[in-house]
Protein chains: 2
Amino acid sequence: MEKAKIILALDSLVDKGTLREACSYVHGIKIGLPLTLDIGVSGVKDLVKGIDVDEVIVDFKLADIGDIMVKIASKLDFADSFISHSFVGRNGALDELKGFLDSKGKKLYLVGAMSHPGWDDSLNSYTVSVIREVNPYGIVTPATRGDVISKFRHEFADKVIISPGLGTQGAKYGEAICHGASFEIIGRSIFSSSPLKALNKIVEKQREEVLRCKGAENRE
Amino acid sequence: MEKAKIILALDSLVDKGTLREACSYVHGIKIGLPLTLDIGVSGVKDLVKGIDVDEVIVDFKLADIGDIMVKIASKLDFADSFISHSFVGRNGALDELKGFLDSKGKKLYLVGAMSHPGWDDSLNSYTVSVIREVNPYGIVTPATRGDVISKFRHEFADKVIISPGLGTQGAKYGEAICHGASFEIIGRSIFSSSPLKALNKIVEKQREEVLRCKGAENRE
């Protein structure tokens with residue numbers, strides 16, 4: 001079976017057996033700082049060891065000077081990719097992080113816009129300009145505002161776009177994909193009482209929604 | 001002796017004896033994420049236990065949705081204060097963090113502007129507006145650009161202002177205080193081969209520079 005276009009967000013500890021099984025359905029996992037503080041770097045390393053996913057993303061929303069961001073990334077060699085904020089700018093910040101990650105064969109995602117209501121979308125012209133300069137592998141845009149995903153997809157046709165904000169935060173599963181995202185990030189909605197049942201339901205809903213919107217496109 | 005207007009930035013492990021002695025000269029210490037990843041939350045707790053400073057600041061440059069920032073802060077009960085980014089905005093982000101920290105009697109600093117060359121100062125009118133809305137205890141502004149400190153001091157007469165970017169990053173010790181900062185953040189310049197000697201020299205330089213600028217003010 002083809003893996004669902006889903007990235008699991010891990011912000012608290014999950015049973016490794018459950019995680020292993022959940023991972024067989026999804027593209028990747030995203031490791032948050034809360035989980036890392038709980039179990040430490042070595043705990044995270046153990047947790048992700050042998051997990052069958054295409055991508056392990058560290059999501060600490062890095063937003064510091066280059067020296068500090070490189071120090072952080074260099075301690076997390078289990079990761080394939082890192083998420084950093086655009087707004088810190090390139091010179092002395094993202095240039096150093098990008099250079100370091102390139103040298104290690106790792107990928108950089110930059111936040112284009114965030115999913116909560118307090119994010120000011122008038123900042124997005126600035127994040128777009130930084131993303132153009134830094135040329136990361138991918139972009140993070142909010143599932144909660146489909147029009148924002150569409151705008152970033154229009155600006156960056158070839159970049160991987162990942163979108164948080166589904167389920168608990170309000171967007172429908174599949175909606176972000178329909179607006180141009182490559183993967184949907186799902187966390188709190190899965191790690192409920194029966195995570196695998198919840199995940200199966202979400203995968204199904206995502207497929208239905210994507211079929212619906214792609215079908216609609218094809219009829220246009 | 002009055003403590004120097006210095007906050008020690010700890011981004012890597014230092015000998016506890018050295019730290020203890022250094023702390024008797026300074027206002028506070030600032031704990032970075034690199035150090036926390038190295039020794040874990042419990043390691044940081046042990047390191048700061050019994051240290052004689054007025055303030056322990058956690059500087060992870062938080063820049064996430066409220067739920068995640070609150071989760072992170074709740075795991076670090078040894079801290080008196082937390083540094084977060086302004087640009088994430090209030091609703092669903094800084095409002096939740098501020099509410100949580102208020103309820104715990106802890107303090108919030110918001111980044112007004114950063115010290116590296118890639119920070120775009122045209123963003124500062126936005127960070128000023130967020131700082132007004134959120135009303136944090138303090139602000140972080142760059143020692144590398146004294147005019148920026150002065151502008152924030154002018155906007156926020158009563159807030160504590162802390163400034164990184166001295167020494168390795170280029171600003172002279174005392175310069176940020178002269179421009180209106182309350183404390184200077186010093187890290188890489190101290191934790192050299194003889195940290196206490198380096199610290200003493202910096203304290204002296206800071207006092208000289210502040211005497212010079214205050215003297216100049218008094219003659220005006």
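What's counted below: heavy atoms across the whole structure, side chains too, no hydrogens, waters or symmetry copies. Just so it is clear: chains get the letters A, B, ... in the order the sequence lines come, proteins before strands, and each one is counted from 1.
Only the side chain of A/Leu76 comes within less than 4.5 Å of a heavy atom in chain B; its backbone stays farther off. At a 4.5 Å heavy-atom cutoff, B/Asp95 makes no contact with chain A through either its backbone or its side chain. Within the 4.5 angstrom heavy-atom criterion, atoms from both the backbone and the side chain of B/Leu37 approach chain A.
In this model, a donor atom of one side chain and an acceptor atom of the other lie less than 3.5 Å apart for B/Ser163 and B/Thr141. B/Asn124 and B/Trp119 share a side-chain donor-acceptor pair at under 3.5 Å. Looking only at atom types and distance, the side chain of A/Ser150 has no donor-acceptor partner in the side chain of A/Arg145 under 3.5 Å away.
Of the residues considered (B/Val41, B/Asp64, B/Val111), B/Asp64 shows the highest number of contacts with chain A, using heavy-atom pairs under 4.5 Å. When the candidates B/Lys71, B/Lys75, B/Arg90 are compared by the number of heavy-atom contacts under 4.5 Å with chain A, B/Lys75 comes out ahead. Of the listed residues (B/Ala63, B/Ser12, B/Gly40), the greatest number of heavy-atom pairs within a distance under 4.5 Å of chain A belongs to B/Ala63. For chain A, the option among B/Pro34, B/Gly43, B/Gly92, B/Gly89 with the highest count of heavy-atom pairs below 4.5 Å is B/Pro34. When A/Ile72, A/Ile68, A/Leu123 are compared by the number of non-hydrogen pairs under 4.5 Å with chain B, A/Ile72 comes out ahead.
Ring pair B/Phe87/A/His85 is perpendicular by interplanar angle, where above 60° counts as perpendicular and below 30° as parallel.
In terms of the salt bridge (Lys or Arg N to Asp or Glu O under 4.0 Å) criterion, residue partners of A/Glu55 (sequence neighbours excluded) are, by chain and number, A/Lys107.
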Please list, one pair per line, the donor and acceptor atoms closer than 3.5 Å that link side chains of residues 130-139 of chain B to other protein atoms, with sequence neighbours excluded.
from, atom 1, to, atom 2, distance (Å)
B/Arg132, NH2, B/Glu155, OE1, 2.3
B/Asn135, OD1, B/Lys159, NZ, 2.6

